[in-house]
Asks: 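This is the structure I want to talk about, given as structure tokens.
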Amino acid sequence: MNSTRLLAATAAAGAAVLVLSGCVAKTDAAGTGALTVTSTADGCDVSAATASSGTLAFDVANKGDQVTEFYLLASDGLRIVGEVENVAPGASRTLTVTAQPGDYFTLCKPGMVGDGVGRAAFAVTGDAVEITGEDAEQKQQAIDLYAAFVKDQVGQLLPAVQTFAAAYESGDDAAAREQFPRVRAYYERIEPIAEALGDLDPRIDYREVDAVAEGLTWTGFHRIEKDLWVPAQDALNADGETPAWKDWAPSTPAQRASYGDTLIADTQQLYDYVHSDEFQQTLNAQGVAGISNGAIALLDEVATGKISGEEDWWSGTDLYDFAANVEGSKMAFSLVRDFAESKGDKGASLVARIDTGYADLESALAAHGSAEAGFVTYAQLTEDDKRQFTDLINALAEPLSQLTVTVLE
């Protein structure tokens, strides 16, 4: 989606949100619970293994010496129901979810790579949580609008990937390099949807160091990226340690055909999923908490990869991804904004801080280009530029982290 169309879609969604009137009913206190999670280098201790359905808050404290993540996984152990990322050593973050009855798993991931540690069964009992009350119609409207946004993005991603893969497979590297960051923008705006589908996001979007760390076959955008921006013989991978040419060589034409076709097939799987009844049912079950958590997750994507320059290691096109993550996050926020603002002075103050945070971040990005005209490469950013981005991300992340619990109050 070009920025004009994205702004139009955002404005349309925003206009729809403006009609969401009335106060948002509070979640039944009997269905609300707070649990503590202690993440260490080799453990993930959750204070309880069961909870009643409804709004659950997992207060995650990182007692280890690496940045960590916490996941609530579905019964298949693959699909992500909720996650909180980028929890620094000594810091705490809260994951708030609408928990439906069923069997789940909890898991922590120190270092944010690998299979994780402390996987444990977690059960939610009670009745199914339904959208009820005077605001039920407005909540469902927000969910439906988010579903439509995701479908639109993936609907544009699929043909863009097909064109991109054709250029790559045919050896038209100049065209493929020009398309690379623009094609990825569709994906980056809705990435948490793919992340919830087990190994689909790793197949589409894993960096080499992550795939190696988890023992996975490396495919997707970044496998193709390395072919399009062949590293120098003495270059290092994104971990700053592994030689770029270790266990790697430029792809043969046959390998290019395989990688291109695989990316198309994986994108088709994503397309099929977001146009399925299962996708709509999943969004309905998560409720508006799923939308606000999506806004938070997309900003975490910026903090954990884009701002460090590790995402598009060979192309240096991280600012395109950065901007797309912010656009997707802001879009999700716009759909729950009025629910948060309806919570009195506290909610209005939170919304104002989030609005300011997005505006400041967008302004800083605009100083380095745009998706249409092109962004500067990551290597052209100064240390002051990176520090400014980090400060602005942190300034927005703090109030945004309170969004879900405020929406559900």
Side-chain angles (χ1 to χ4, degrees), residues 1 3 5-18 20 24 80-86 95-98 131 138-157 185-197 201 270 274 279-280 282-304 306 321-342 347 350-351 353-359 361-362 393 396-408:
M1 180 184 286
S3 71
R5 186 172 173 188
L6 177 67
L7 289 172
T10 305
V17 173
L18 289 176
L20 308 186
V24 179
I80 299 171
V81 177
E83 65 176 325
V84 59
E85 302 179 308
N86 203 34
L95 169 65
T96 305
V97 297
T98 299
I131 300 175
Q138 289 81 11
K139 286 182 178 179
Q140 188 61 55
Q141 185 179 35
I143 293 166
D144 292 344
L145 284 167
Y146 188 65
F149 171 70
V150 171
K151 290 175 184 177
D152 177 71
Q153 291 297 297
V154 179
Q156 294 181 79
L157 173 67
Y186 301 118
Y187 185 80
E188 293 294 331
R189 293 186 189 111
I190 53 89
E191 187 170 5
I193 300 298
E195 288 181 334
L197 296 177
D201 179 66
L270 178 60
V274 303
F279 172 60
Q280 186 66 55
T282 298
L283 289 185
N284 290 345
Q286 293 174 346
V288 290
I291 303 174
S292 59
N293 282 336
I296 296 166
L298 280 165
L299 194 68
D300 282 337
E301 288 289 333
V302 177
T304 57
K306 281 70 174 183
D321 292 356
F322 187 150
N325 283 156
V326 173
E327 287 171 342
S329 176
K330 186 178 179 181
M331 174 62 182
F333 166 66
S334 75
L335 295 175
V336 298
R337 185 182 186 280
D338 281 9
F339 292 113
E341 197 168 33
S342 71
L350 181 69
V351 165
R353 291 172 62 198
I354 294 173
D355 283 340
T356 298
Y358 280 121
L361 200 50
E362 289 171 334
I393 291 166
L396 174 56
E398 193 279 321
L400 199 61
S401 69
Q402 303 172 37
L403 179 62
T404 302
V405 68
T406 301
V407 166
L408 295 179

Asks: Is Y187 close to Q153 at the side-chain level, that is, under 4.5 Å between some pair of heavy atoms?
Replies: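 The answer is no, as the side chains (C-beta and beyond) never meet within the 4.5 Å cut-off.
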Asks: Write out all pairs satisfying salt bridge (Lys or Arg N to Asp or Glu O under 4.0 Å) with one or both partners inside residues 140-149, taking only residues at least two apart or from two chains.
Replies: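 Qualifying pairs, neighbours excluded: none.
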Asks: Using atom types as modelled and distance alone, determine if a side-chain donor or acceptor of N293 lies under 3.5 Å from a backbone N or O of T96.
Replies: yes
Asks: Kindly determine whether N325 and E301 satisfy side-chain hydrogen bond (donor to acceptor under 3.5 Å, both in side chains), including the steps that lead there.
Replies: CA-CA 7 Å; N325 283 156; E301 288 289 333; 5.5 Å; no
Asks: Less than 4.5 Å apart, any side-chain heavy atom of S329 and any of V302?
Replies: no
Asks: Quick check: do V97 and Q286 have side-chain heavy atoms less than 4.5 Å from each other?
Replies: no
Asks: State, yes or no, whether a side-chain contact exists between Q280 and I143 at a heavy-atom distance under 4.5 Å.
Replies: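 Q280 reaches I143 side chain to side chain.
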Asks: Going by the rule ring-ring contact (aromatic ring centres under 6.0 Å, His included), which residues pair with Y146 if we only count those two or more places apart in sequence or in a different chain?
Replies: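 In terms of ring-ring contact (aromatic ring centres under 6.0 Å, His included), with neighbours along the sequence ignored, Y146 is linked to no residue.
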Asks: Looking at M331, is its backbone amide N or carbonyl O close enough to the side chain of S334 to form a donor-acceptor pair, meaning the two atoms are under 3.5 Å apart?
Replies: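 A pair under 3.5 Å: yes.
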Asks: Could you check if a side-chain atom of L270 sits within less than 4.5 angstrom of a side-chain atom of F279, using non-hydrogen atoms only?
Replies: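 No, too far: nothing below the 4.5 Å cut-off.
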Asks: I'd like to know if the side chain of N284 pairs up with that of Q140 as donor and acceptor (distance under 3.5 Å, no hydrogens or angles considered).
Replies: yes
Asks: Could I get the full list of ring-ring contact (aromatic ring centres under 6.0 Å, His included) partners for F333, not counting sequence neighbours?
Replies: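 For F333, the residues satisfying ring-ring contact (aromatic ring centres under 6.0 Å, His included) (neighbours in sequence not counted) are Y358.
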Asks: When rounded to the nearest 0.5 angstrom, what is the spacing between CZ in F149 and CG in L335?
Replies: 9.0 Å
